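Just so we're clear, the structure is a prediction, and the values are computed from it rather than from any experiment. Counting starts at 1 for both ligands and their atoms, following the listed order. If you read the sequence from its start, that first residue is 1, and numbering goes on from there.
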Amino acid sequence: MIAFSNILGDVRRIFIKFALAVIMAVAASFLLAPYWQKSYAVIHTVLEISCIIISVSSFFVVWCVSEIRKTNLILGFGFLAVAIFDILHTFFWQGLGLFPGSYYDLSAKYWLAGRFAEALFLILSTTSIVKLSIHRWLGLALTIIASSTVAFDFYYTPGIFPVLITPEGVKPLKVAIEYIIISMFILFLFRVQKGHFHEDIITKEYLILATIITIPAELCFTIFTTITDFYNVLGHILKISYYFFFLKAVVAAFIIFPYKKLQISEDRFHKAFHMNPSMMMITTPDGKVVDVNECYAKLVGISRQEIIRQSFFEDNNEKVNWGIRQDSLVGEKLHNDILNCQTVSGESREIMVSTDTILIDNTQFVLVVATDITDKTRLEKEMARYDCLNVVGEIAAGIGHEVRNPMTTVRGYLQIFQRREQFYEYHEQINTMIEELDRANSIITEFLSLAKDKAVEMKRGNLMNVIRSLLPLLKADALRLGHEIYTDINYIPDTEFNENEIRQILLNLVRNAFEAMSESGEVMIHTSYSEGSILLSIRDNGSGIPPEVVRKLGTPFVTTKENGTGLGLPVCYRIAERHNAKIDLVTGPKGTTFKLIFYLA
Ligand code: ADP
Ligand code: MG
């Protein structure tokens with residue numbers, strides 16, 4: 001149904017255009033007729049030369065396009081043959097008077113040969129001949145030789161061809177041949193309609209239009225009596241108009257249509273590349289970025305324009321570390337390799353990268369496709385961490401008290417011995433023993449706060465108050481270590497929390513921050529509120545956390561410090577979990593920021 005209405009729409013459009021062309025041709029002929037009668041030689045020559053220019057141009061379009069892609073050259077050769085016969089027709093036209101008298105007939109023969117060639121090549125272009133891969137130069141030579149042979153025969157052996165025109169007018173044979181040619185055009189239309197023409201629909205429209213106009217044009221040449229006849233003018237003007245549509249058909253088929261197709265595929269590629277949720281980059285084998293998509297540019301934090309044409313392996317380019325080594329571009333391909341890349345802001349992201357070499361216009365390039373898996377791995381790590389915490393928590397709950405009880409007994413006896421005179425000489429050792437026991441006890445206390453189901457009492461209050469009350473202690477600590485501590489406290493609403501636990505989390509994080517900075521470091525405590533969550537962050541300007549430590553962070557007993565327990569952060573994670581909060585961290589060579597995000601229920 002749709003196809004049918006489409007065809008109807010096409011037919012109507014073609015008919016309207018056809019009617020317009022004929023009306024305009026008739027009007028132009030009326031205007032031109034008086035001048036034609038006075039100086040038909042000049043006007044005929046001008047009209048014919050216009051047609052010749054158009055058919056030569058059509059030939060050139062097809063010829064040039066055939067240089068870069070496989071084309072239907074038959075049509076092009078047709079236009080060339082037509083141009084050759086049209087030139088001869090114009091040259092020998094009796095009205096021009098170059099060859100007086102006897103050439104009435106010759107010019108008509110060239111004319112008919114031109115029309116015949118036109119119709120013949122059109123029909124050929126709908127047959128499987130177009131699929132023969134004849135060499136373009138051979139085809140050109142054949143066309144020129146064949147049309148010149150016919151032309152020579154007409155000229156040198158006029159006796160063997162019947163006479164078509166006499167000074168009295170056209171002979172019935174000429175009319176018959178014109179009708180044959182008209183039938184050939186109709187046959188061509190038929191074949192196009194049957195789908196035998198191999199170019200696109202937009203071409204067909206012009207082709208059909210042009211071919212239909214040939215019919216009234218040919219008819220004009222069957223009914224005229226003298227060369228100054230009105231039908232002679234009309235026929236020539238119609239001829240220009242159908243040549244014009246042939247040219248349009250050729251330009252549409254060989255230039256506009258392929259160009260549109262190219263544009264669409266370019267558009268498709270552009271969208272697939274730039275809107276791809278994966279990061280994509282095309283580089284030269286030596287690492288010059290040819291193009292990169294928005295996703296990649298966004299991740300590294302530089303604009304596309306800035307990235308393009310810079311080599312990311314150049315030494316002076318320290319802005320971004322793409323994570324990909326140059327040898328991995330030319331050597332073995334990467335396949336879902338997990339690498340670390342560093343963004344402009346110094347943030348480290350984990351990416352999964354695959355590379356492949358691609359050929360574009362015979363030049364080798366490398367296609368890099370990467371996915372940012374930082375969040376995914378972070379989630380996985382979190383899950384693993386909580387699993388681990390759960391196990392440790394259960395152990396803590398189970399054995400923590402059992403260990404602590406005997407220790408309390410031992411510590412009690414030690415204190416008693418410390419006061420006895422007979423142990424005075426062991427005073428120092430006993431002191432050390434007590435200290436060590438205290439240390440062990442504090443570790444167990446921390447260990448106990450890892451217990452999963454530890455009952456903590458939540459009270460409503462404001463975290464800003466906890467920070468303020470803890471600040472003098474933190475300041476004293478900072479002073480002792482030669483650091484500074486600042487606050488940037490912005491309003492946050494009241495929440496439910498356990499003060500002791502929040503104090504512990506703050507102490508642990510700030511202590512870690514102090515310990516990460518060599519000397520005269522700065523720590524900033526910040527709070528803010530947005531969209532249902534409270535942010536509490538602690539930033540230091542220490543040396544950052546190496547990736548291999550980040551990966552294990554929060555697992556009990558992971559420490560890089562000589563006297564560290566590796567329990568500080570696990571406790572923080574556990575407390576965060578109990579408070580419906582999340583811990584995020586951003587770390588780099590310029591320092592680390594731990595973010596505590598409390599989600600308000
Ligand atoms: P501990 O402090 O006893 O080592 P934690 O669980 O508190 O144990 O911390 C574990 C490890 O994480 C530390 O040893 C340190 O390497 C690293 N770390 C934690 N916080 C920071 C920080 N702010 N800057 C640098 N490294 C840190
Ligand atoms: Mg610590």
Side-chain angles (χ1 to χ4, degrees), residues 340 342 345-348 377-378 381-382 384-393 395-396 436 438-451 467 470 473-474 477-478 480-488 500-526 535-578 581-597:
N340 268 304
Q342 199 163 336
S345 59
E347 195 187 343
S348 165
T377 27
R378 187 179 294 168
K381 264 185 279 181
E382 218 144 272
R385 180 161 48 224
Y386 280 123
D387 278 349
C388 187
L389 268 182
N390 284 344
V391 174
V392 175
I395 299 173
E436 287 298 298
D438 282 348
R439 189 172 132 74
N441 199 27
S442 76
I443 291 176
I444 290 172
T445 309
E446 263 192 296
F447 199 57
L448 273 177
S449 54
L450 287 177
I467 299 170
L470 199 62
L473 185 75
L474 298 177
D477 227 13
R480 184 170 59 81
L481 296 162
H483 298 313
E484 299 270 6
I485 186 158
Y486 300 100
T487 53
D488 168 30
N500 279 340
E501 294 218 311
I502 297 299
R503 284 174 76 95
Q504 173 150 31
I505 213 171
L506 279 172
L507 275 173
N508 284 3
L509 292 179
V510 173
R511 206 184 297 150
N512 276 351
F514 284 156
E515 285 163 359
M517 303 184 294
S518 47
E519 60 195 52
S520 57
E522 284 172 12
V523 172
M524 167 71 88
I525 302 178
H526 161 97
L535 171 72
L536 195 172
S537 70
I538 288 142
R539 192 184 72 214
D540 63 59
N541 55 1
S543 50
I545 313 176
E548 63 275 10
V549 179
V550 171
R551 228 168 279 148
K552 290 183 280 182
L553 230 48
T555 314
F557 312 115
V558 169
T559 179
T560 53
K561 298 166 194 165
E562 214 172 302
N563 290 318
T565 58
L567 283 173
L569 283 178
V571 165
C572 292
Y573 279 102
R574 181 58 99 195
I575 293 173
E577 192 196 358
R578 278 197 283 264
K582 190 178 95 174
I583 298 181
D584 257 349
L585 80 149
V586 181
T587 184
K590 288 184 204 137
T592 307
T593 307
F594 273 90
K595 294 179 189 167
L596 265 164
I597 302 152

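If you number the atoms of ligand 1 from 1 as listed, the ones under 4.0 Å from a heavy atom of Thr592 come out as 24 (N). Listed by atom number, the atoms of ligand 1 under 4.0 Å from Gly568 heavy atoms are 5 (P), 6 (O), 7 (O). Using a 4.0 Å cut-off to heavy atoms of Pro570, the atoms of ligand 1 that qualify are 6 (O).
Taking 4.5 Å as the limit, every side-chain heavy atom of Thr592 sits out of range of all side-chain heavy atoms of Asn512. In this structure, Ile502 and Leu470 have side chains that are not in contact, with every pair of non-hydrogen atoms separated by 4.5 Å or more.
Counting heavy-atom neighbours within 6.0 Å of Glu548 CD, excluding the residue itself, gives a total above 12.
At least one N/O/S atom of Asn512, whether from backbone or side chain, sits less than 2.8 Å from the Mg ion (ligand 2).
When only non-hydrogen protein atoms are considered, atom 23 (N) of ligand 1 lies nearest to Asp540 OD2, 2.9 Å. At the shortest separation from atom 16 (O) of ligand 1 among protein heavy atoms lies Thr560 OG1, 2.4 Å. At the top of the distance list for atom 26 (N) of ligand 1, counting protein heavy atoms only, stands Ile545 CG1, 3.4 Å. Atom 10 (C) of ligand 1 has as its closest protein heavy atom Val558 O, 3.2 Å. Nearest to atom 4 (O) of ligand 1 among the protein's heavy atoms is Thr559 OG1, 2.5 Å. Among protein heavy atoms, the minimum distance from atom 2 (O) of ligand 1 is reached at Lys561 NZ, 2.7 Å.
Among the atoms of Gly566, some N or O lies under 3.5 angstrom from an N or O of ligand 1. Between Leu569 and ligand 1, a contact under 3.5 Å exists for at least one N or O pair.
Among Ser543, Gly564, Pro546, Ala516, the residue whose heavy atom lies nearest to atom 24 (N) of ligand 1 is Ala516. Of the listed residues (Val510, Asn512, Leu553), the one carrying the non-hydrogen atom nearest atom 17 (C) of ligand 1 is Leu553.
For Gly554, the closest heavy-atom approach to ligand 1 does not fall below 4.0 Å. Not close to ligand 1: Asn508, with no non-hydrogen atom less than 4.0 angstrom away.
Listed for the Asp584 side chain is no donor-acceptor partner under 3.5 Å among the backbone atoms of Lys595. Not one N or O on the side chain of Asn541 forms a donor-acceptor pair closer than 3.5 Å with the backbone of Gly521.
In this structure, Phe514 and His483 approach most closely via the heavy-atom pair O-NE2, 3.2 Å. Heavy atoms only, all atoms of each residue included: Thr587 and Ile545 are closest at OG1-N, 2.9 Å. The minimum heavy-atom distance between Leu567 and Pro556, with the atom names listed, is CD2-CB, 4.1 Å. Closest non-hydrogen pair, Cys572 versus Asn508, comes out as SG-CB, 3.6 Å.
Comment: Glu577 engages Arg574 in a salt bridge, judged by a side-chain N to carboxylate O separation of less than 4.0 angstrom.
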